[in-house]
Structure formats: structure tokens, C-alpha cells
2 protein chains.
Amino acid sequence: MSRNPEEPVYNRIEEARLALGLSRQDLADKVGVHYQTIGYLEREEYSPSLVLALRIAKALNQEVSELFSQNPFKKGK
Amino acid sequence: MSRNPEEPVYNRIEEARLALGLSRQDLADKVGVHYQTIGYLEREEYSPSLVLALRIAKALNQEVSELFSQNPFKKGK
DNA sequence: TTCAAATGTTGCATTAATGCTACATAGCAT
DNA sequence: ATGCTATGTAGCATTAATGCAACATTTGAA
């Protein structure tokens with residue numbers, strides 16, 4: 001599978017982050033990653049490790065399945 | 001964070017796999033990875049990518065949060 | 001016992017995820 | 001205009017996740 005460039009993972013990180021009034025830097029700090037990493041994830045340039053996904057979900061008070069999906073999200077949740 | 005050797009991810013893949021009567025090879029085939037990879041994950045020698053976690057959850061009919069956690073699982077679910 | 005299936009162990013190669021730095025751009029105050 | 005904050009882009013280095021092969025061990029069936 002080689003870390004799947006073919007099968008992307010969609011996410012609503014940006015939407016959930018903005019809903020909490022957080023900047024990328026804020027979220028990065030809460031989660032313990034570089035702020036650029038949040039940017040890469042929001043732009044879906046790559047998909048996170050499970051550890052990071054779990055941390056982000058916790059930081060944003062969401063279920064992993066609410067934030068990340070193999071299928072595109074519909075508009076407005 | 002450098003992919004966290006410090007903060008492990010616990011899982012109940014083996015339990016869920018056995019409950020369905022699947023061998024590691026069976027699960028690996030359903031999920032599209034090498035059968036050794038399932039072994040590594042069950043032994044918690046490393047934690048999967050989010051893509052793989054999503055696929056495993058789907059193959060085992062479980063929520064990601066039911067299968068993977070940052071905190072150890074209690075006995076018998 | 002013998003055989004096969006399932007699993008464990010080791011080792012090596014490849015690559016995506018992450019860290020980090022630097023610079024550009026856009027928007028919003030002042 | 002000036003400055004600050006947030007974000008985008010590009011490049012490079014490191015490392016964990018995965019593939020894969022070979023061999024050992026365990027377990028259960030015949």
C-alpha cells in the first residue's frame with residue numbers, strides 16, 4: 001500500500017478549527033506539531049498518522065470519524 | 001512529534017479479527033497490506049497510518065475509536 | 001509422528017509524514 | 001504607508017510505517 005497516494009483521506013480540520021476560533025498555530029500548539037503540518041493536512045496534501053488524527057480529534061472535541069473520512073464530506077456537515 | 005515512539009496507540013485488532021474468525025492473512029487481504037503488517041500492529045510495535053486505521057475499522061465493522069485508543073483498553077471491551 | 005497453517009523474529013529497502021527554515025502574499029489594523 | 005498575523009509555497013533532512021523475504025516456533029489435525 002505504500003502509504004497511499006492513490007486513496008486520499010478527506011477532513012474537516014479547518015472547519016472545526018475555525019469554529020473554535022483557533023489559528024493553525026494555536027491548534028498546532030495544542031496538538032504538539034509544527035504549524036505547517038496543520039496546513040498540509042488542511043490542504044489534504046497528505047494524511048496524518050493515526051496518533052496525530054487522534055490528538056487532533058481530541059483537541060477539536062470531535063470523533064475521528066467526524067473529522068476524517070475516505071469519502072468526501074458534504075457541505076455544512 | 002516525529003511519529004511518537006513515546007506515545008503509543010493501543011488497539012484491539014486481534015480481538016476483533018478473531019471474533020470474525022479471520023487469520024492475519026485474511027485481514028491483510030481485505031485491507032490491502034502485507035500480512036506481517038497486521039502482526040506488527042497487533043503486537044503494537046508501531047501504530048498505523050490513519051488511512052490504514054480507517055480501512056481496518058471498516059474491514060472489522062468497528063468504529064476507529066472502538067479499535068484504537070491512546071489509553072489502554074480494559075479487559076473484554 | 002508428520003504435516004501444514006498461523007504466528008513470531010530479524011533484517012533490509014523504500015517512501016510518506018513530520019520538522020524546520022526561509023520567503024512570498026494577503027488582509028487588517030493603526 | 002507601515003506593521004503584524006495568518007497563510008501559502010518550496011526545499012531539505014530525519015524517521016516511522018510498510019513491503020518483503022527468510023527462517024524459527026507453535027499448534028492442531030490427520
Side-chain angles (χ1 to χ4, degrees), chain A residues 1-60 62 64-65 67-73, chain B residues 1-60 62 64-65 67-73:
Chain A
M1 145 192 181
S2 71
R3 237 87 114 285
N4 280 48
E6 338 86 38
E7 206 164 340
V9 176
Y10 303 93
N11 72 75
R12 348 175 46 136
I13 297 178
E14 183 169 32
E15 178 180 345
R17 171 176 65 79
L18 293 178
L20 296 182
L22 301 173
S23 70
R24 288 183 182 171
Q25 182 68 66
D26 293 333
L27 178 56
D29 290 343
K30 291 186 72 170
V31 159
V33 294
H34 199 264
Y35 82 100
Q36 301 281 39
T37 296
I38 304 296
Y40 283 119
L41 295 179
E42 291 187 352
R43 282 175 249 121
E44 287 165 352
E45 293 189 23
Y46 53 61
S47 74
S49 65
L50 176 60
V51 194
L52 182 49
L54 290 171
R55 290 203 202 152
I56 292 177
K58 179 181 292 185
L60 296 177
Q62 306 255 338
V64 170
S65 55
L67 272 182
F68 301 94
S69 169
Q70 300 171 95
N71 305 313
F73 288 99
Chain B
M1 150 191 169
S2 71
R3 239 85 115 286
N4 278 50
E6 340 86 37
E7 207 164 342
V9 176
Y10 304 93
N11 72 76
R12 347 173 48 135
I13 296 177
E14 183 170 32
E15 179 181 344
R17 172 176 64 80
L18 293 178
L20 295 182
L22 301 174
S23 70
R24 288 184 182 170
Q25 182 68 65
D26 293 334
L27 178 56
D29 290 343
K30 291 186 75 171
V31 158
V33 294
H34 199 265
Y35 81 100
Q36 302 281 38
T37 296
I38 304 296
Y40 283 119
L41 296 179
E42 291 188 352
R43 282 175 249 122
E44 287 166 353
E45 293 188 25
Y46 53 61
S47 75
S49 65
L50 176 60
V51 194
L52 181 50
L54 289 171
R55 291 203 204 153
I56 292 177
K58 178 181 291 185
L60 296 177
Q62 307 256 336
V64 170
S65 55
L67 271 183
F68 301 95
S69 169
Q70 298 172 95
N71 306 313
F73 287 98

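Just so it is clear: chains get the letters A, B, ... in the order the sequence lines come, proteins before strands, and each one is counted from 1.
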Is any side-chain nitrogen or oxygen of B/S47 closer than 4.0 Å to OP1 or OP2 of D/dA17? yes
In this structure, how many angstroms lie between the P atom of D/dA17 and the CG atom of B/L41, rounded? 9 Å
Could you list, one pair per line, each protein nitrogen or oxygen that sits under 3.5 Å from a nitrogen or oxygen of nucleotides 21-24 of chain D, together with the distance?
unit_1, atom_1, unit_2, atom_2, d
D/dA21, N6, B/Q36, NE2, 3.0
D/dA22, N6, B/Q36, NE2, 2.8

My understanding is that only residues two or more places apart in sequence, or in another chain, count here; which of them pass side chain to side chain contact (heavy atoms under 4.5 Å, CB included) with A/Y35? A/Q25, A/A28
Find out whether A/L20 and A/L27 are in side-chain contact, i.e. whether some heavy atom of one side chain is under 4.5 Å from a heavy atom of the other. no
Using the test ring pair (Phe, Tyr, Trp, His ring centres under 6.0 Å), find all partners of A/Y40 that sit at least two apart in sequence or belong to another chain. A/Y46
I want to check one thing: is the phosphate of C/dA17, taken as OP1 and OP2, less than 4.0 Å away from some side-chain N or O of A/S49? no
Rounded to whole Å, how long is the line connecting atom CG of B/L50 with atom P of D/dT18? 11 Å
d(CG, A/D26; C1', D/dT5) in whole Å: 11 Å
Take atom CG of A/D29 and atom P of C/dC20, then tell me their distance rounded to the nearest Å. 12 Å
OP1, OP2 of C/dG19 versus side-chain N and O of A/T37: anything below 4.0 Å? yes
Side-chain contact, heavy-atom cut-off 4.5 Å: A/K58 with A/L54? no
Set of residues satisfying salt bridge (charged side-chain N to carboxylate O under 4.0 Å, His left out) with respect to B/E14, sequence neighbours excluded: B/R17
By the salt bridge (Lys or Arg N to Asp or Glu O under 4.0 Å) test, which pairs, at least two apart or in different chains, include something from residues 25-39 of chain B? none
Whole angstrom value for the distance that separates C1' of D/dT18 from CD1 of B/I38: 11 Å
Ignoring the backbone of B/Y46, work out which of C/dG19, D/dT18, D/dT9 is nearest its side chain. D/dT18
Interatomic distance where CD belongs to B/E14 and C1' belongs to C/dA6 [whole Å]: 11 Å
So if I apply the side-chain contact (heavy atoms from CB on, under 4.5 Å) rule between A/L50 and each of B/L50, B/L52, B/I56, which one comes out positive? B/L50
B/R17 vs C/dA6: side-chain N/O to OP1/OP2 distance below 4.0 Å: no
Among the nucleotides D/dG19, C/dT18, D/dT9, whichever has the atom closest to the side chain of A/P48 is C/dT18
Starting at atom CG of B/L27, determine the distance to atom C1' of C/dT7, rounded to an integer number of angstrom. 14 Å
Atom CG of A/L52 and atom C1' of C/dG19: how far apart are they, to the nearest Å? 12 Å
